[in-house]
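No experiment lies behind these values; they were computed from the predicted model shown.
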Amino acid sequence: MFSQEYVFSDSYKTNDSIRVSSNRLYDLETGYGFVIEKNRNEIEALKVSELNSAFEPWYWLTNNELTKIEQRKNGCMIERNDSLPLIFKADVPKPGNYEVRVTITTDDRELHDLMIFSERRRLMIKVPCLLANTTYEYTFTVNVCDIIPRGMESVCVDTSIDIAILASIPIVSKITIHEVECRTIFIVGDSTLTDQGAAYPYDPGCSYSGWAQMFPAFFENGIAVSNHAHSGLTTESFVREGHYDIVKRFIRPGDFFIMQFGHNDQKLPHLDAYGGYKKRLMDYVLEMKKLGVTPLIVTPLARNTWKSDGSYNDLLKDFANACLEVGKELNVTVLDLHQLSMEFVLKEGLESAKRYYFPKDYTHSNDYGAFLMAQYLARACKLANIQNLSNFIKEVEVTFLPPQSITLPIAPKEFEGEVQESALSAEVERVDELITRVEALDFLIKVVRFVPTNVYNDKYPDVIGHEWYAGVVEVSIQNNILDEYLVKDHLFHPNDYVSAEEFITYCINGYCCRKVLTDVPCYEIPNDVSPYAVAYVNKAIHLSLLHESFQAKKYITRGEAVIILRQLESLL
């Protein structure tokens, strides 16, 4: 079976180990080394988040050289650590389970806030402090498995192990990897438990995180977690898009199959809680039992949603109850994370609970929230006394508490100044076709230099999380680009054509995201403009965005939209 030891100092060198110097960067031929901005930008395979550590720079820092690795007597460390991950990648011969031991030393200073992540940013251990001049070893088990990455339709084979170390001043001295045979926990579901990427410099409050990627930190060595949850999935699309086939190919008798769905099922009438949703949960349970696998159902994570009267708005109650019904009818363990998370939100209240969710998001956790939810779930597993699983769960006393307020970092102005090419340079085809609402919004997002989010927050039922435009809609919601009049029925209508006055509202709100617009005089407004659009059209006249051919109710073409947006772009 495969076994390899990598040492980062001559002090640890043996006849069987591979010496890794500070300038050894990972490449496809060598198959091991550090991952920094340089080789990540040069090697396409390192750009796929799900096949790597899932850490990458904030988008305005993509072309910067942030990570500089320094050689020390006891190993390698980042020269100047500003919350940058030290990432090491090593190829292995095949998918499977591997035991990994990481050895870290400290110099004459204490080391604070050590976090070791593996694979697609799965947390393995969190240590508050290590004393100066000490050696620390931690051993854990990881699962390497094929995946269909976001935006792709075909399976990608994964045969590498990624280790990312975050701390004040970590010195990595040795990493050993051994192939092992052990039980695996296969986890499936949606964006609230998937392996989310994070930008660096790392800020846990501004990092999307699913609870399943924090789950391994609550297990002893000897059992592995294989997370196959993806954003936007339902109990139905998990099968249809091929993810279930991957699980069935690798899962073995004695393994565990944990599922949590519901957030996206509730958008589709045929997947109603007590109908299609419940039936598909039952299908999974019965099939796993036939395979000799232990199925476990997790009720959907609660949202931080409240009614105008100040009472909690439980949007997933029926789906949680459907899970409980399946548990009783098929004699399968149900872990009620919905109740646990809802009790937490009720205890914290709307504002305080926001600290555990990604900024301006009420569905998806940040790292603080995901760690807490994983802790709740681990304790629930322990109480359920699940055979061959509960004995691996450890009680983690470490706290991971957010600050009182969390705000996303803002791209510096000089970053925008570096972009010379028009954001619409490629939008020159099909100019005579009418443009849909979502296409127009996508064009605008490019012009104002926003980046679509990697998750959708479920505000409009007719926007499905796995559709290409979901992130575009989400970032427009977060930046108040959509006028409430256009969504007064609580639907976005993504495929409706956009009228000239509707498009102008997009443009003015987008402009105001970037520049202050004051002291606008009153102009003569065309008679066909709707009351809600008058103020927008007035500002558009002031900015010279309207042309003589403007007709408020007329649907516009892609070419007409590009003409207006090029003018808007010149103003920004």
Side-chain angles (χ1 to χ4, degrees), residues 189-194 196 198 203-214 229 231-234 260-267 273 298-320 337-374 376-377 401-408 450 452-467 470-482 484 487 490-492:
D190 55 39
S191 58
T192 61
L193 58 154
T194 191
Q196 302 278 13
D203 182 343
C206 298
S207 301
Y208 278 111
S209 182
W211 61 255
Q213 70 187 113
M214 297 289 170
S231 296
L233 289 185
T234 65
Q260 182 218 283
F261 291 100
H263 290 87
N264 300 301
D265 295 73
Q266 68 174 182
K267 305 172 189 175
V298 178
T299 57
L301 184 72
R303 293 182 170 102
N304 186 22
T305 47
W306 299 73
K307 298 178 182 178
S308 57
D309 62 2
S311 61
Y312 181 73
N313 187 14
D314 188 357
L315 299 171
L316 290 156
K317 180 179 179 180
D318 287 343
F319 288 84
L337 185 60
H338 181 74
Q339 183 64 31
L340 292 169
S341 54
M342 183 170 60
E343 288 174 356
F344 169 77
V345 170
L346 289 169
K347 176 184 174 184
E348 290 289 314
L350 171 62
E351 293 302 320
S352 182
K354 284 181 180 179
R355 300 177 299 150
Y356 293 85
Y357 291 80
F358 191 83
K360 297 184 180 179
D361 196 315
Y362 58 83
T363 297
H364 302 94
S365 308
N366 57 22
D367 280 13
Y368 296 115
F371 185 88
L372 182 63
M373 294 305 118
Y376 284 165
L377 199 59
L401 301 176
Q404 289 302 310
S405 62
I406 296 171
T407 55
L408 284 169
F450 285 137
T453 65
N454 66 339
V455 295
Y456 176 60
N457 204 27
D458 306 327
K459 185 168 185 178
Y460 306 123
D462 59 345
V463 173
I464 307 302
H466 64 267
E467 293 288 351
V472 171
V473 175
E474 180 60 34
V475 77
S476 70
I477 293 170
Q478 293 179 1
N479 290 280
N480 300 313
I481 290 175
L482 297 177
E484 287 300 317
V487 289
H490 305 296
L491 298 173
F492 178 64

| query | Sequence neighbours excluded, which residues qualify as side-chain contact (heavy atoms from CB on, under 4.5 Å) partners of Ala302? | reply | Tyr312, His338, Ser341, Met342
| said: Restricting to non-hydrogen atoms, name the atom on Tyr208 and the atom on Asp367 that form the minimum distance, rounded to 0.1 Å. | reply: O-OD1, 3.8 Å
| request: Report yes or no: does Ser365 contribute a side-chain atom to a donor-acceptor pair with the main-chain N or O of Tyr357 at less than 3.5 Å? | output: no
| query | Would Phe358 and Leu408 count as a side-chain contact (heavy atoms from CB on, under 4.5 Å) if you check the C-alpha gap in whole Å, the side-chain angles of each, and the deciding distance to 0.1 Å? | reply | CA-CA 9 Å; Phe358 191 83; Leu408 284 169; 3.6 Å; yes
| Ignoring hydrogens and geometry, is there a side-chain-to-backbone donor-acceptor pair from Asn366 to Ser207 under 3.5 Å? | no
| At their closest point, which heavy atom of Thr192 faces which heavy atom of Gln260, and how far apart are they? | OG1-NE2, 2.8 Å
| remark: Only residue of Tyr362, Tyr368, Phe344 satisfying ring pair (Phe, Tyr, Trp, His ring centres under 6.0 Å) with Tyr356 is Phe344
| message | Quick test of your reading: applying salt bridge (Lys or Arg N to Asp or Glu O under 4.0 Å), list the pairs with at least one residue in residues 352-365, sequence neighbours left out, ordered by first then second residue. | response | Glu348-Arg355, Glu351-Lys354
| query | What heavy-atom pair brings Asp190 and Leu233 nearest, and what distance separates the two atoms? | reply | CB-O, 3.7 Å
| request: Show your reasoning for whether side-chain contact (heavy atoms from CB on, under 4.5 Å) applies to Gln339 and Thr299. | output: CA-CA 8 Å; Gln339 183 64 31; Thr299 57; 5.9 Å; no
| said: So, applying side-chain hydrogen bond (donor to acceptor under 3.5 Å, both in side chains) with His364, which one of Ser209, Ser191, Ser231 is it? | reply: Ser191
| request: Quick one: list whatever passes salt bridge (Lys or Arg N to Asp or Glu O under 4.0 Å) with Asp265, sequence neighbours left out. | output: none
